[in-house]
Amino acid sequence: MSSVTQGGFPPPERSAAAPGVLSGQRLRDLVLDRTKDPELAEAVTVVSQVLPFKVSSYVLDELIDWTDPAGDPIYRMTLPHRDMLGPGDFAAVADVLRAGDRAQLRKVVDDVRDRLNPHPGDQLTRNLPGLDGPGGTGIQHKYRDTVLVFPRQGQTCHSYCGYCFRWAQFVGRPDLRFALGDPGEMTAYLDRHPEVTDVLITGGDPLVMRTELLARYLEPLLAPDYAHVRTIRIGTKALSFWPYRFLDAPDGDHLLRLFERVVRSGRHLALMLHLSHPRELATKPARQAVERLLATGAVLRSQAPLIRHVNDDAATWATLWQDEVSLSIVPYYLFVERDTGAREYYQVPLARAVDIHHAAVRRVSGLGRTARGPVMSTSLGKVLVSGVADLGAERVFVLQLLRARDENLVGRPFFARFDPAATWWDQLVPRSESDGEFFRGLPPI
Ligand code: SF4
């Protein structure tokens, strides 16, 4: 999509070298200038006290259609909206802001945040390394073969998604943050865990880091001592939020050379691209970035949650998957919106998510049907909602674990009572005693 007319407000700083990013008052002023809507502008001020927001100049100028912000999926994905908070919470924050009482504001905001389930999936208590782990909170070892690494310098993104399930890491509360400051802790952990074949470098977005810093995490993994690490994945939304990272950013070329070294070492390098809407793939910089990434030998896979106001219809997903296949990106996961943050604003009932996924699949050829979903990433594992079925007189959700802490549970269908309003795992009820096994199993890794 080409640049959208901006009105009289001066555009944010444009530079391919470093993203001009707007947040706080500057973001509010820009929204007011481009929309002329004081309610949308007030929402920026109030909601961003509670949830983190920042938006890159690329998103503001190249992705959002300002002629219809309320109906624009990218606006809804990246900009605050008053409905992201309950009416009472919105009014409470707005009142205390007007009163100018900073101490009270902190209290009210912390209270609202605590009720937004800042750590979904028991991440703080369930996913930490075992007793022989590094003792920090920058590594998660959820499944036997896969370790997640959260480099400290990668705990932010080029822009934020309003539905981010890691929002708690971005709001400046140390008790709510994962971060690993030293790549040596990662390698020390891998020394003790030769069963690990996959390392996922994640964040935030690890590609906000300078290449030199990222290399400190990737290059040790290429040594013969870590031959058991066969696959390196990098989770990122840089293609959507700042594609210049792969083009003419100062060390964009260095980044691509680093990826080439990983591939030459014989490791499988997968860029796990967070792609929510076809528009993210429609710009010239995004397409150039895809070409350059593919030339390194990396494999590009895509994943995103199904989000109300953003991509909650079959046509959007079908177009996204078709475009991805055309560009040699492999559709991987369609997730369910997590039970955290502005969930009520973004969530879609599971039954509807199943319908959307199935309808989207029917619109594309076999190569576009590789995105598994809808999938809930729960503390138990990755739960696929395969469909809805009638067993005798009873309607049920048909479920299956794709990944689990207990591998014995993987692949076996199980059932929950159908509930048309259910949006998340914790609202499901096992159909029978034997199905209850799947809801209980949380053996330590
Ligand atoms: S890109 Fe990922 S980590 Fe960053 S804000 Fe969006 S969902 Fe969160």
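One-based numbering, in listed order, for ligands and for the atoms of each. As the structure is a computational prediction, the values presented were derived from the model and not from experiment.
With ring centers used as reference points, H158 lies 6.0 Å or more from Y58.
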Pair up each side-chain donor or acceptor in residues 355-362 with any protein partner under 3.5 Å, not counting sequence neighbours, and list the distances.
from: H357; atom 1: ND1; to: G373; atom 2: O; distance (Å): 3.3
from: H357; atom 1: NE2; to: A371; atom 2: O; distance (Å): 2.9
from: H358; atom 1: NE2; to: S386; atom 2: O; distance (Å): 3.2

With a 3.5 Å cut-off and sequence neighbours excluded, list the donor-acceptor pairs that the side chains of residues 42-50 form with protein atoms.
from: S48; atom 1: OG; to: V44; atom 2: O; distance (Å): 2.4
from: Q49; atom 1: NE2; to: T45; atom 2: O; distance (Å): 3.1

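With sequence neighbours left out, K54 forms a side-chain hydrogen bond (donor to acceptor under 3.5 Å, both in side chains) with T156.
Aromatic ring pairs are classed by plane angle as parallel below 30°, tilted from 30° to 60° and perpendicular above 60°; the pair Y226 and H228 is tilted.
Between A289 and L247 the shortest heavy-atom distance is N-CD2, 3.8 Å.
Atom 4 (Fe) of ligand 1 has C157 SG as protein N, O or S atoms under 2.8 Å away.
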